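Data block below; observations after.
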Amino acid sequence: MSERKVRVRFAPSPTGALHIGGVRTALYNYLFARQHGGDLIFRIEDTDSNRFVPGAEEYIIESFKWLGIKFDEGVSFGGNYGPYRQSERRDIYKKYVQVLLDSGKAYIAFDTPEELDAKRKEIPNFQYDASTRLSMRNSLSMSKEEVDALIAEGKQYVVRFKIEPNEDVHVNDIIRGDVVINSSILDDKVLYKSADELPTYHLANIVDDHLMEVTHVIRGEEWLPSAPLHVLLYRAFGWADTMPEFAHLPLLLKPDGNGKLSKRDGDRLGFPVFPLEWHDPKTGEVSSGYRESGYLPEAVINFLALLGWNPGNDQEIMSLDELVKLFDLHRCSKAGAKFDYEKARWFNHEYIIMKDDKELAELFMPVIKEHGIDVPMETVVTVVGLMKGRVSFVKELWDTCKFFFVAPEEYDEKTVKKRWKEDSAKCMTELADLLESLDDFSLTHQEEVVMKWIEDMGYHTGNIMNAFRLTLVGEGKGPHMFDISSVLGKEETVRRMRRAVEVLK
Ligand code: GLU
């Protein structure tokens, strides 16, 4: 086992938008593959044609592209183990269904849905298993001639897995340890349906994991109940030696109260549960996405990585490369992880601060243009550098920074009352004259000259600065005064000051 190359897979069913829990599953698979120098496979499990949703596969691929999670092989990526879309592997599954039938590990059953319903009514807690199968219509209870005749007639059938009762089945789970289940609680699962000539999830999943040489199955806790059946299938095929190791990840829980995180929690509390905005092709409903809500992909990755795992200390900010180094499946928790979306905002804020000013300016520029403003990129880079610590999202930059680009039209009443003194008009006129006379309008030079002037004149620094701020910003907020005036430049600074004096005197 140990000499096998690590190969893991993310195997979504294209039944709609990718839930954020699925993104976390893919991320953990990615981290595990990277840190072991292994392969990450992208497989589409689309054997349930009733649940197929057009556009879902493309949506999933685009989501990972945005997040920066790269696959080594699979649908749209290619590779030597294809095809990677299960609907294109019908013949392969047929062959393996036949293997199980030939070895007596599976059997053919003709019971119609009506017959099964009748049985359920007749027998309380009916289960299709060792205790009931001989009273049903299948290749175990009927003669070979009868079975062949029915098939020749074109009767539809299913293939069921023949589960031997009363056996303890052990699932060795990296996160949960030895999980034991008695086979008697399992029913003879349907593995194949003649009606659509397609296998069910269980058979296709096991055959593909085997053929694709998957070494570790890392997936959500909701698949834990299927794991004993999967173990039995590996054994039935004679593949127990190369059976993958399992790791069932903890559930994502509601931010408040108990239970599994659902899309409704997101709608109710106002946060996205999908990576990208999703337009439901059936209902037309539009659901918000992390991308469209202004999250940076790095922040989403970091946030998700810590939902169910931690590095063993209180380090919270980790890049994808650091996560690859630090991630450890053994440190994943068994208990569900509360989905703390306020924390997602906090991560975004931290990543905005860490983001390069130039990159951030490029994201902000279109917003500025939308407001009909034309400014050089260097100005935006400077402004973003001064202000990014005050926002959690790029879209919040406009309200926080707009005074750099638009002169105040009004002056905040409260601030005027508090900050505009008897002599403010006179002082601001003097200051405007002084600034206008400067040849060097650099931040340091302005500051030096102005501070000296305040001292020489015996003015109160606070009063001057407060009034100065009011003239440039229109209210009492903003960064360091000379940062503002040097971004605005001499002409605009002086113009704003003279106008304020005009309006407020
Ligand atoms: N197709 C399953 C899903 O949608 C895959 C489960 C597994 O990883 O085995 O999650």
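This is a predicted model, so every value here is computed, not measured. Along the sequence shown, residues are numbered consecutively beginning with 1.
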Any idea which heavy atoms bring A407 and E492 closest together, and the distance? CB-OE2, 3.8 Å
Less than 4.0 Å between a side-chain N and a carboxylate O, is that true for D321 and K325? no
Should the pair F405 and W398 be assigned to parallel (<30°), tilted (30 to 60°) or perpendicular (>60°) ring geometry? parallel
F64 pairs by ring pair (Phe, Tyr, Trp, His ring centres under 6.0 Å) with which of Y59, Y30, F10, F77? F10
Is there a side-chain contact between W453 and L431, using heavy atoms and a 4.5 Å cut-off? yes
Give the C-alpha distance, both sets of side-chain angles, the deciding distance and a yes or no for side-chain contact (heavy atoms from CB on, under 4.5 Å) between Y81 and E73. CA-CA 8 Å; Y81 295 76; E73 57 187 82; 3.2 Å; yes
For E62, which residues count as a side-chain contact (heavy atoms from CB on, under 4.5 Å) partner, sequence neighbours excluded? L276, R291
Exercise: do R219 and H248 side chains pair donor with acceptor under 3.5 Å: yes
With distance as the sole criterion, is a donor-acceptor pair present between the side chains of Q446 and S485 under 3.5 Å? yes
In plain terms, say whether R498 and D433 are close enough for a salt bridge, that is, a side-chain N and a carboxylate O under 4.0 Å apart. yes
Is it the case that over 12 heavy atoms from other parts of the model lie below 6.0 angstrom from the CZ atom of R499? yes
What about F32 and H216, are their ring centers closer than 6.0 Å? yes
Closest approach of P250 to R24 (non-hydrogen atoms, all atoms of both residues): O-NH2, 2.5 Å
Measuring only between side-chain heavy atoms, which start at C-beta, is I20 closer than 4.5 Å to L261? yes
State, to 0.1 Å, how close A361 and V380 come at their nearest heavy-atom pair, and which atoms those are. CB-CG1, 3.7 Å
Mind checking the CD1-CZ spacing from I352 to R345? Nearest 0.5 Å is all I need. 11.0 Å
Once side chain to side chain donor-acceptor pair (under 3.5 Å) is applied, do any residues pair with D208, and if so which ones, sequence neighbours excluded? Q86, R89, Y93
Mind jotting down which residue pairs meet the side chain to side chain donor-acceptor pair (under 3.5 Å) criterion with at least one end in residues 293-311? Sequence neighbours excluded, please. E298-K355, N302-Y351, N310-R331
Passes side-chain contact (heavy atoms from CB on, under 4.5 Å), R176 versus F246? Steps please. CA-CA 9 Å; R176 288 151 211 280; F246 291 99; over 6 Å; no
side-chain contact (heavy atoms from CB on, under 4.5 Å) between L470 and W420: does it pass, once the steps are laid out? CA-CA 8 Å; L470 184 62; W420 195 257; 3.9 Å; yes
When rounded to the nearest 0.5 Å, the distance separating CG of L307 from NZ of K338 is 12.0 Å
Can you tell whether the side chains of R268 and D256 come within less than 4.0 Å, N to carboxylate O? yes
Is it true that the side chains of H445 and E447 contain a donor and an acceptor less than 3.5 Å apart? no
Around K421, counting heavy atoms of other residues, nucleotides and ligands shown, do more than 12 lie under 6.0 Å from its NZ? yes
State, with a plain yes or no, whether a side-chain heavy atom of I484 is found less than 4.5 Å away from one of R469. yes
Mutual orientation of the aromatic rings belonging to F303 and F347 [parallel < 30°, tilted 30-60°, perpendicular > 60°]: tilted
Which atoms form the tightest heavy-atom contact between R34 and K70, and what is the distance? NH1-O, 3.8 Å
Do Y84 and F42 pass the ring-ring contact (aromatic ring centres under 6.0 Å, His included) test, and can you show the C-alpha distance, the side-chain angles, and the key distance before you say yes or no? CA-CA 7 Å; Y84 292 94; F42 179 60; 9.3 Å; no
Look up atom CZ in R7 and atom OG1 in T215, then write down how far apart they are to the nearest 0.5 Å. 8.5 Å
Side chains of S442 and D440: donor-acceptor distance under 3.5 Å anywhere? yes
For the aromatic rings, using the six-membered ring if either is Trp, is the centroid distance between Y290 and F271 under 6.0 Å? no
Looking only at the side chains, is there a donor atom on one of E45 and N205 sitting less than 3.5 Å from an acceptor on the other? yes
Checking side-chain polar atoms at under 3.5 Å, does E475 have a donor or acceptor matched by the opposite partner on Y411? no
What's the verdict on side-chain contact (heavy atoms from CB on, under 4.5 Å) for E245 and V217, showing C-alpha distance, side-chain angles and the deciding distance? CA-CA 6 Å; E245 286 186 63; V217 167; over 6 Å; no
Among side-chain atoms of S87 and D46, is any donor-acceptor pair under 3.5 angstrom? yes
CG-CG distance between D423 and N463, expressed to the nearest 0.5 angstrom: 7.5 Å
Is the closest basic N to carboxylate O distance between R85 and E57 below 4.0 Å? yes
Hey, mind stepping through R43 and D209 against salt bridge (Lys or Arg N to Asp or Glu O under 4.0 Å) and telling me if it holds? CA-CA 10 Å; R43 185 169 77 217; D209 281 350; 2.9 Å; yes
Surrounding NZ of K477 (heavy atoms of other residues, nucleotides or ligands, distance under 6.0 Å), is the total greater than 12? yes
What's the spacing between K343 NZ and D340 CG if we round to 0.5 Å? 7.0 Å
At their closest point, which heavy atom of Y28 faces which heavy atom of G308, and how far apart are they? OH-C, 3.8 Å
E413, CD atom: more than 12 neighbouring heavy atoms under 6.0 Å: no
Decide if atom CG of N258 counts as having more than 12 heavy atoms of other residues, nucleotides or ligands within a radius under 6.0 Å. no
Could you go step by step and tell me if K263 and E285 meet the salt bridge (Lys or Arg N to Asp or Glu O under 4.0 Å) rule? CA-CA 12 Å; K263 184 170 137 29; E285 194 196 344; 3.4 Å; yes
Measure the CG-CD distance between D357 and E362 for me, rounded to the nearest 0.5 Å. 11.5 Å
What do you reckon, is NZ of K426 surrounded by more than 12 foreign heavy atoms closer than 6.0 Å? yes
Closest non-hydrogen contact found for I353 with G389 is CG1-CA, 3.9 Å
For K418, does the NZ atom sit with more than 12 other heavy atoms under 6.0 Å from it, leaving out its own atoms? no
